[in-house]
> 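Following this message is one structure expressed as structure tokens.
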2 protein chains.
Amino acid sequence: MTVLKDVSGGVALWRRIADAIRLDIVGGKLAEGDRLPTEAVLAERFSANRHTVRRALAVLAQDGVVGAEQGRGTFVRNARRLSYPIGKRTRFREGLKGQASSLTSVSLSNRLENATAAVAKALDIRSASKVVRLEGMSLADGVSISRSTTWLPYRRFPDFAERIARFASTTETFASYGIEDYARASTRISARHADVEETKLLGLAPGAILLVSEAVDVDAEGVPISYALSRFPAERMELVV
Amino acid sequence: MTVLKDVSGGVALWRRIADAIRLDIVGGKLAEGDRLPTEAVLAERFSANRHTVRRALAVLAQDGVVGAEQGRGTFVRNARRLSYPIGKRTRFREGLKGQASSLTSVSLSNRLENATAAVAKALDIRSASKVVRLEGMSLADGVSISRSTTWLPYRRFPDFAERIARFASTTETFASYGIEDYARASTRISARHADVEETKLLGLAPGAILLVSEAVDVDAEGVPISYALSRFPAERMELVV
DNA sequence: ATGGATTTGTCCGTATGTATA
DNA sequence: CTATACATACGGACAAATCCA
């Protein structure tokens with residue numbers, strides 16, 4: 001087997017520095033308007049060359065997170081990140097209401113397919129039985145904040161795609177099937193790098209980190225009605241339990 | 001401002017491919033013993049050169065996740081990942097019990113400090129009032145699975161560090177202060193790259209992704225008793241709500 | 001047992017990105 | 001801005017191991 005003597009882990013130093021500074025900002029250690037340490041100090045702190053720090057700051061500046069001013073220093077510009085609440089009654093639109101002035105959901109595609117083992121298990125149906133698969137994404141104030149794939153049992157929701165296109169709301173669409181209330185049965189959260197498709201759709205830099213949530217919703221009787229795999233850019237969203 | 005025409009985002013392609021394959025494995029799409037698609041197929045799927053795919057596979061092989069066999073293919077070796085359940089009554093040791101045969105917590109350091117704005121807000125105390133700060137990490141079966149920083153109000157828990165060293169259990173230590181039960185008030189989850197210190201302590205490759213949880217625990221009366229910032233390697237742990 | 005197809009392993013070279021000084 | 005060293009990514013060619021008709 002090839003011997004790997006790699007120590008960089010495939011993530012450039014400037015990227016790790018940019019992430020660390022961004023975290024200080026969205027995490028509250030640095031407030032809006034604060035001046036960052038000088039490039040020389042940052043270089044010392046991260047054991048990096050000043051050019052490498054400049055590269056990190058340039059990326060953050062392009063994102064609007066910081067702004068450099070000649071002779072004065074680099075300042076925090078925008079420290080906002082959206083919070084997505086997860087609980088028993090998790091509703092996408094309600095959860096983000098008040099955090100963004102506009103919130104749009106885009107349906108990318110839908111199709112019928114046979115449930116994979118994972119999907120069947122989540123929905124508690126026979127493997128390879130028919131499921132409706134929906135691909136979508138959503139934007140807050142024009143910025144994409146999530147990419148999601150949803151599976152529903154075909155037997156119960158044969159025309160879910162058509163109905164959600166009409167109602168533009170998951171809650172109302174379920175209501176049209178007589179499901180007045182539904183609850184979150186489980187949410188599994190992991191994280192990984194965005195793939196090529198997600199990178200393009202969400203307008204992210206390749207290598208951006210995604211929070212991945214696998215959620216199963218159940219009706220009032222506890223029967224699974226949907227299995228959703230949602231991907232949120234970690235730099236724009238956090239999940240709150 | 002410098003114009004950036006970067007398209008790699010600072011994360012190497014082989015790293016993104018390795019992450020994607022690893023996710024398929026720990027996520028259950030590929031089971032232990034399964035054969036991966038051939039290098040040529042993977043290269044096609046990720047729009048990459050076969051050499052780049054080989055680099056990704058070599059890293060996964062070194063981690064013991066896959067193993068390549070000349071002439072036969074590459075196979076899934078080890079698909080395990082721990083799940084950490086988060087809920088109203090979140091207990092670290094209980095949550096992981098049964099998933100690992102040994103579970104050890106290491107206390108790295110502790111000190112007294114003045115609460116920062118973020119810590120004061122979380123614990124609902126006056127800014128700059130005294131807090132106990134604990135640094136620790138934990139291992140499951142000898143593999144490090146978390147790095148955590150915990151703050152507690154000094155007024156109520158002046159000798160928390162000494163007591164937890166004696167009891168080796170958060171639940172029992174709280175009990176020694178007369179707190180028979182406590183509950184999780186909120187958990188905020190985000191993700192980022194590991195910094196240098198975390199990389200070393202957790203034995204990760206630089207650039208590894210961490211799931212970051214900020215949790216506030218409260219006593220029976222709803223008064224905050226601790227604020228913990230835990231970091232879990234996304235490749236080893238997932239959070240389940 | 002042989003040949004050919006498949007699949008991983010190794011070698012060559014070239015261009016660009018990363019990081020330091 | 002220069003220069004240097006190394007990592008990343010691509011492309012092609014061929015060897016070595018495995019499998020199957």
Side-chain angles (χ1 to χ4, degrees), chain A residues 1-22 38-62 68 70 193-196 199-200 204-208, chain B residues 1-22 24-25 30 33-77 193-196 199 204-208:
Chain A
M1 174 47 59
T2 321
V3 175
L4 297 173
K5 50 182 174 180
D6 179 51
V7 288
S8 85
V11 181
L13 182 54
W14 64 259
R15 175 61 140 90
R16 279 146 40 209
I17 294 173
D19 281 357
I21 295 174
R22 193 197 294 268
T38 65
E39 292 173 357
V41 170
L42 289 171
E44 168 72 17
R45 174 182 309 171
F46 293 108
S47 313
N49 193 280
R50 192 168 75 92
H51 297 300
T52 309
V53 171
R54 283 180 59 75
R55 179 82 146 96
L57 292 175
V59 172
L60 293 175
Q62 209 170 42
Q70 186 142 173
H193 285 124
D195 68 21
V196 180
T199 293
K200 283 184 188 163
L204 298 167
Chain B
M1 175 50 56
T2 322
V3 175
L4 299 173
K5 51 181 173 182
D6 178 53
V7 288
S8 84
V11 180
L13 180 54
W14 64 259
R15 175 62 139 89
R16 275 137 52 201
I17 293 172
D19 283 356
I21 295 173
R22 192 196 296 268
D24 280 351
I25 292 173
L30 289 164
D34 280 4
R35 207 189 74 166
L36 296 177
T38 67
E39 294 171 351
V41 171
L42 289 171
E44 169 72 18
R45 173 180 310 170
F46 292 109
S47 311
N49 192 277
R50 186 167 78 96
H51 296 298
T52 309
V53 170
R54 283 178 58 73
R55 177 81 148 99
L57 291 174
V59 172
L60 293 175
Q62 210 172 40
D63 283 5
V65 177
V66 303
E69 293 173 34
Q70 188 164 19
R72 302 221 311 132
T74 307
F75 300 83
V76 177
R77 287 262 186 278
H193 285 124
D195 67 20
V196 180
T199 293
L204 300 167

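The chains referred to below are lettered A, B, ... by the order of the sequence lines, with proteins before strands, and numbering in each begins at 1.
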> For B/Arg55 and D/dC6, what is the distance between atoms CZ and C1' respectively, to the nearest whole Å?
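From B/Arg55 CZ to D/dC6 C1': 12 Å.
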> Distance from B/Arg22 atom CZ to B/Leu60 atom CG, nearest 0.5 Å?
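Result: 5.5 Å between the selected atoms.
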> Quick one: closest heavy-atom pair of B/Ala56 and B/Ala18, and the distance?
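That would be CB-N, 3.6 Å.
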> Would you indicate which nucleotide in D/dA16, D/dA9, C/dT18 comes nearest to any side-chain atom of B/Trp14?
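Side chain of B/Trp14 sits closest to D/dA9.
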> For nucleotides 19-21 of chain D, which of its nitrogen or oxygen atoms have a protein nitrogen or oxygen under 3.5 Å away, and what is each distance?
residue : atom : partner : partner atom : Å
D/dC19  : OP1  : B/Arg72 : NH1          : 3.3

> What is the separation between atom CD1 on A/Ile17 and atom P on C/dT18, rounded to the nearest whole Å?
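Whole-Å distance recorded here is 13 Å.
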> Look at the side chain of B/His51 and the base of D/dG12, then say whether one donor and one acceptor between them are separated by less than 3.5 Å.
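Yes, the side chain and the base share a sub-3.5 Å donor-acceptor pair.
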> Would you call B/Glu39 and B/Arg55 a salt bridge, using N to O less than 4.0 angstrom?
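No salt bridge links B/Glu39 with B/Arg55.
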> Go through the steps for B/Asn49 and B/Arg54 under the test side-chain contact (heavy atoms from CB on, under 4.5 Å), then give the verdict.
CA-CA 9 Å; B/Asn49 192 277; B/Arg54 283 178 58 73; over 6 Å; no
> Counting the atoms with a prime plus P, OP1 and OP2 as sugar-phosphate, which does B/Ala40 contact under 4.0 Å by heavy atoms, base, sugar-phosphate, or nothing?
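Nothing, no nucleic acid heavy atom in range.
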> In whole angstrom, what separates B/Glu39's CD from D/dC10's P?
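From B/Glu39 CD to D/dC10 P: 14 Å.
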> From the set D/dC10, C/dG9, C/dT20, return the single nucleotide nearest to any side-chain atom of B/Arg54.
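Closest of the options to the side chain of B/Arg54: C/dG9.
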> C/dT8, OP1 or OP2 - any side-chain N/O from B/Thr74 closer than 4.0 Å?
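Checking C/dT8 against B/Thr74, a side-chain N or O does come within under 4.0 Å of OP1 or OP2.
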> Kindly give the heavy-atom pair with the smallest separation between B/Pro37 and B/Leu42, and that separation in Å.
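Heavy atoms only, the tightest pair is O-CD1, 3.6 Å.
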> Looking at B/Arg35, does any N or O in its side chain come under 4.0 Å of the phosphate oxygens OP1/OP2 on C/dT7?
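Answer is yes, contact under 4.0 Å.
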> For the atom pair CG (B/Asp195) and CZ (A/Phe46), what is the distance rounded to the nearest 0.5 Å?
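Here the rounded value is 8.5 Å.
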> Side-chain N or O of B/Thr52 versus OP1/OP2 of D/dT8: is the shortest distance under 4.0 Å?
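B/Thr52 to D/dT8 OP1/OP2: no side-chain N or O under 4.0 Å.
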> Quick one: pull up CD1 in A/Ile17 and CG in A/Leu57 and give me the separation to the nearest 0.5 Å.
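The CD1 atom of A/Ile17 sits 8.5 Å away from the CG atom of A/Leu57.
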> Would you indicate which nucleotide in C/dT20, D/dG11, C/dT7 comes nearest to any side-chain atom of B/Thr38?
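Nucleotide nearest to B/Thr38's side chain: C/dT7.
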> What distance separates B/Asp34 CG from B/Asp24 CG, expressed to the nearest 0.5 Å?
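Between atom CG of B/Asp34 and atom CG of B/Asp24 there are 11.0 Å.
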> Would you kindly check whether a donor in the side chain of B/Arg50 faces an acceptor in the base of C/dG9, or vice versa, at under 3.5 angstrom?
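Side chain to base: pair present.
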> Can you tell me how far C1' of C/dT10 sits from CG of B/Leu57, to the nearest Å?
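Distance, rounded to whole Å: 16 Å.
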> B/Glu69 has an atom CD; how far is it from atom P of C/dT7, in whole Å?
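Whole-Å distance recorded here is 14 Å.
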> B/Leu13 has a side chain; which of C/dT18, D/dC10, C/dA19 sits nearest to it?
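From the listed options, D/dC10 comes nearest.
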> Check this one for me: any side-chain N or O of B/Asn49 less than 4.0 Å away from OP1 or OP2 of D/dG11?
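Answer is yes, contact under 4.0 Å.
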> Starting from P on D/dC10, measure out to CD on B/Glu44 and report it in whole angstrom.
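The distance from CD of B/Glu44 to P of D/dC10 comes to 12 Å, rounded to the nearest Å.
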> Just compare D/dT8, D/dC10, D/dA15 and give me whichever is closest to any side-chain atom of B/Ala48.
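The closest nucleotide is D/dC10.
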> How many Å lie between CG on B/Leu42 and P on D/dC10, as a whole number?
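Rounded to whole Å, this separation is 14 Å.
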